[in-house]
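Following: one structure in structure tokens, then a few remarks.
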Amino acid sequence: MHTGETITQFISEEQRRVGGATGEFTALLNDIVTACKYISNAVNQGALVGVLGTAGSENVQGETQKKLDVISNDVFIKANEWAGHLAAMASEEMDDIYPIPAQYPKGKYLITFDPLDGSSNIDVNISVGSIFSILRCPEGVTNPTAKDFLQPGTKQVCGGFALYGPSTMLVLTTGNGVSGFTLDQNVGEFILTHPNMTIPEDTTEFAINMSNMRFWEEPVKRYVDECLAGSTGSRDKDFNMRWVASMVAEVYRILTRGGIFMYPKDTKDPSKAGKLRLMYEANPMGFIVEQAGGACSTGRERVMEIQPEDLHQRVPVILGSKNEVERVVAYHKE
Ligand code: P6P
């Protein structure tokens, strides 16, 4: 059972822990939580309210937008633009940053978000989620541009995601461990159900899109071949495989039972350094995974130390159980 502690109470107690906090961060986080509740409702309603299917448009990634991609993006904007905690926002679904409209006050934070990650799964009723990252707006900057967002992941003040699955979960870190909350649909509040989430350092479960195998670099091929060889090979143990094609679902599974998730650099599209985006997928997830005792690397460097060069920059991602990620990194060094 749980203590019934709500996320609002939890965030307020976190704020008290950080001496001198003004409450602005707490209020911002509560507004993001509200956005996730609205999106959870829209996702759960699905076909009943006509939100499935494509929106007939493409996003900056050149990906076909689902209706819920657009709806979720609008929800994040409407829930966060008015309150005076943000100087600007950036989203997977928008080419450039979203400045706070003139009629609203501005604040000292920036957020980046993927409003609906894994949306290719939405029409087939597989879990999707929202990913968000909170940064400080650089001192003295009142009209931020995209370059003010280009801060390494180590500068994040918060990383979080909502998972719209059998339960709607919210997972976040502010640098003091990882906490998981379950949405009580009857009360309309997220309840602390998974305090201090930690990732086992070892695992026998790997997640990767095997259809890309012929495009992988040697170190990744070697690692996966060894997993497939199982107890007949050098690893002396059998492995299991998962691929949900929804990063939020993979990361949540890894937080609860360990595992390694890989979307590595591949030669499928040499112009892309990877598939996942640094600012609103790899960095927030990397912050969470590291705070839970795991690791998050490109194979060649710690994701959170990358100096971003573009708002929608893609990076290879290898994250999860520390000892397995370190093995893959070691193979890249050989
Ligand atoms: P593929 C979803 O589109 C996403 O960005 C991640 O959530 C997921 O892990 C990955 O892409 C799935 O990619 O190539 O397997 O469809």
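Order of appearance sets the numbers: ligands from 1, and atoms from 1 within every ligand. Values reported hereafter were calculated over all heavy atoms of this structure, with side chains retained and with hydrogens, waters and symmetry mates removed.
No single ILVMFWY cluster, assembled from side-chain heavy atoms under 4.5 Å apart, contains both Phe215 and Tyr331.
Remark: ligand 1 atoms within the under-4.0 Å shell around heavy atoms of Glu281 are 5 (O). Within the listing of ligand 1, atoms 1 (P), 14 (O), 15 (O) sit less than 4.0 angstrom from a heavy atom of Asn209. Of all atoms in ligand 1, listed by their number and element, those nearer than 4.0 Å to a heavy atom of Phe261 are 9 (O). In summary, the atoms of ligand 1 found under 4.0 Å from a heavy atom of Leu276, numbered by their order in the structure, are 5 (O), 6 (C). Within the listing of ligand 1, atoms 2 (C) sit less than 4.0 angstrom from a heavy atom of Gly118.
Between the side chain of Gln156 and the backbone N or O of Gly153, at least one donor-acceptor pair lies under 3.5 Å. In terms of modelled atom types and a separation under 3.5 Å, the side chain of His312 and the main chain of Asp96 share no donor-acceptor contact. Counting only distance, with no hydrogens or angles, the side chain of Asn121 and the backbone of Val244 share a donor-acceptor pair below 3.5 Å.
For atom 14 (O) of ligand 1, the nearest protein heavy atom (residue, atom name, distance) is Tyr263 OH, 2.6 Å. Met247 N, 3.5 Å is the protein heavy atom nearest to atom 9 (O) of ligand 1.
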Subject >> Steps toward salt bridge (charged side-chain N to carboxylate O under 4.0 Å, His left out) verdict (Glu250, Arg242) >> reply: CA-CA 8 Å; Glu250 317 273 12; Arg242 287 285 182 274; over 6 Å; no

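Take Met241 and apply the side-chain contact (heavy atoms from CB on, under 4.5 Å) test, not counting sequence neighbours, and it matches Phe206, Met210, Trp243.
Within the 4.5 Å cutoff, side-chain heavy atoms of Arg327 are placed close to those of Tyr223. Using a 4.5 Å heavy-atom cutoff, the side chains of Lys268 and Lys275 are not in contact.
If you look at Ser246 next to ligand 1, the close heavy atoms, those under 4.0 Å, all belong to the backbone.
Within the 4.0 Å heavy-atom shell around ligand 1 one does not find Glu63. Judged by the shortest distance from any of its heavy atoms, Arg277 lies inside the 4.0 Å radius around the atoms of ligand 1. Under the 4.0 angstrom criterion for non-hydrogen atoms, Ser120 is not in contact with ligand 1.
Considering both main-chain and side-chain atoms, Lys275 comes within under 3.5 Å of ligand 1 through a nitrogen or oxygen pair. Every N/O-N/O distance between Ala245 and ligand 1 stays at or above 3.5 Å. On a distance-only criterion, Asn212 and ligand 1 share no N/O pair closer than 3.5 Å.
Ring-centre distance between Tyr280 and Phe132: not below the 6.0 Å cut-off.
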